[in-house]
2 protein chains.
Amino acid sequence: MTTTIEERCRKKGVKLTDQRKLIARIMSNSHDHPNVEELHKRVSKIDTKISIATVYRTVKLFEETGILTKHDFRGEKARYEKLSGYHHDHLIDVQSGEILEFVNEEIEKLQEKIAEKLGYQLVDHKLELYGIKKKK
Amino acid sequence: MTTTIEERCRKKGVKLTDQRKLIARIMSNSHDHPNVEELHKRVSKIDTKISIATVYRTVKLFEETGILTKHDFRGEKARYEKLSGYHHDHLIDVQSGEILEFVNEEIEKLQEKIAEKLGYQLVDHKLELYGIKKKK
DNA sequence: GTAGATGCAAAGTATTTGCGACAAG
DNA sequence: CTTGTCGCAAATACTTTGCATCTAC
């Protein structure tokens, strides 16, 4: 895991500082979508000297390097997530704030088709569902 | 058009000030998705005294009243759009910044289905496609 | 007349940046 | 060594808010 990130950094000529390694490691082990403040809190537990400016700089760098993705969910501050191999979208529980991930091939294909019809080649997309839990 | 907005305001007990009427009118006549700064520029041409704070307060109010919707497209400042009767999603040209609107029933239904499968009732969603124009 | 709206400037948030000290390659 | 990074604090960008004044109803 960490090796992969380190390799990716080397390939891009990105210096591997302790701070970056730490942020990479924490994000690799995080299975949620922390915002910068929360991420800073997590890394601070290990490196008490790390500044939030470095966290901001690093997530931005990692986003450009393709290690993290940024999410701007409705009304919230930016959250980050490790870029895992498989693509997925999100469903946000508007009551609890919980975030579920899902994959749906059919919807992916439809999006391509729509873009095509409009004369565009899809380079990216964002699909967010907002819902409330059903009681059975 | 304007009548409708005024009616909606009365129904909600929202006072109809000149500033609000003006903002409503400008948004009704706008067929794009201006951000607050741009909207303030447009209304300022007619009412040179209107403050940007009022524009911020009004778009927020109109959003809650169901007159406008807010969009947070990737990396841009918040944009607003009049809530027209029909629902649509957006395709953003990543090169020119142009925004196209589209409707696709199939995708709407799929989203419902996905939410359902996850045990949720859909209350809202956001679908944005980012693409580059194809040359023929 | 009164509750609520406005304009202004000041205060918040979230994020970025300049700079001298420092560390990676 | 040299180039890029770090921590810090100051700066920026966008948005909200306190307050005295004014306006819709």
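Keep in mind that this is a model prediction, so the values were computed, not measured. Order of the sequence lines sets the chain letters (A, B, ...), proteins ahead of strands, with each chain counted from 1. All heavy atoms count here, side chains included; hydrogens, waters and symmetry mates do not.
- In this structure a side-chain-to-backbone donor-acceptor pair under 3.5 Å is present from B:Arg8 to B:Gly66.
- Pairs engaging residues 67-79 of chain B under the side-chain hydrogen bond (donor to acceptor under 3.5 Å, both in side chains) rule: A:Asp124-B:Arg74, B:Glu37-B:Lys77, B:His71-B:Glu81, B:Glu76-B:Arg79 [sequence neighbours left out].
- With the nearest nucleotide of DNA chain D identified for both B:Leu16 and B:Glu37, B:Glu37 has the one nearer the 5' end.
- Distance CZ (B:Arg20) to P (D:dT23): 15 Å, rounded to an integer number of Å.
- When the options B:Glu101, B:Glu38, B:Lys82 are evaluated for a side-chain hydrogen bond (donor to acceptor under 3.5 Å, both in side chains) with B:His33, the one that passes is B:Glu101.
- For the pair A:Asp72 and B:Leu61, both in contact range of DNA chain C, the more 5′-proximal nearest nucleotide belongs to B:Leu61.
- Taking all atoms of both residues into account, the shortest heavy-atom contact from B:Leu127 to B:Asp89 is O-CB, 3.5 Å.
- No donor-acceptor distance shorter than 3.5 angstrom exists from the side chain of A:His88 to the backbone of A:Leu100, with no hydrogens or angles considered.
- Rounded to whole Å, the distance from NZ on B:Lys12 to C1' on C:dG4 is 18 Å.
- Applying the 3.5 Å distance criterion, the base of D:dG7 shares a donor-acceptor pair with the side chain of A:Arg57.
- As a whole-Å value, the separation of A:Arg10 CZ from D:dG4 P is 18 Å.
- A:Ile50 comes within 4.0 angstrom of the backbone, heavy atoms only, and of no base.
- Regarding contacts with the backbone of D:dG7, a side-chain N or O of A:Gln19 is found under 4.0 angstrom from either OP1 or OP2.
- In this structure, the NZ atom of A:Lys77 is 12 Å from the C1' atom of C:dG12, given to the nearest Å.
- If you check D:dT15, D:dC14, C:dT15 against the side chain of B:Ala78, the one that comes closest is D:dT15.
- Residue B:Ser51 places its side chain closer to C:dC8 than to any other of D:dT15, C:dT16, C:dC8.
- Contact annotation: side chain of A:Lys60 to base of C:dT15, donor-acceptor pair absent below 3.5 Å.
- Summarising the geometry, the separation between CD1 on B:Ile23 and C1' on C:dA5 is reported as 12 Å, rounded to the nearest angstrom.
- Residue B:Ala53 places its side chain closer to C:dA9 than to any other of C:dA9, D:dC25, C:dA14.
- Distance B:Asn35 CG to D:dA13 C1': 12 Å, rounded to the nearest Å.
- Taking atom OH of residue B:Tyr56 and atom P of nucleotide C:dT13, one finds them 16 Å apart after rounding to whole Å.
- The base of C:dA3 sits with one of its N or O atoms less than 3.5 Å from a complementary donor or acceptor on the side chain of B:Lys15.
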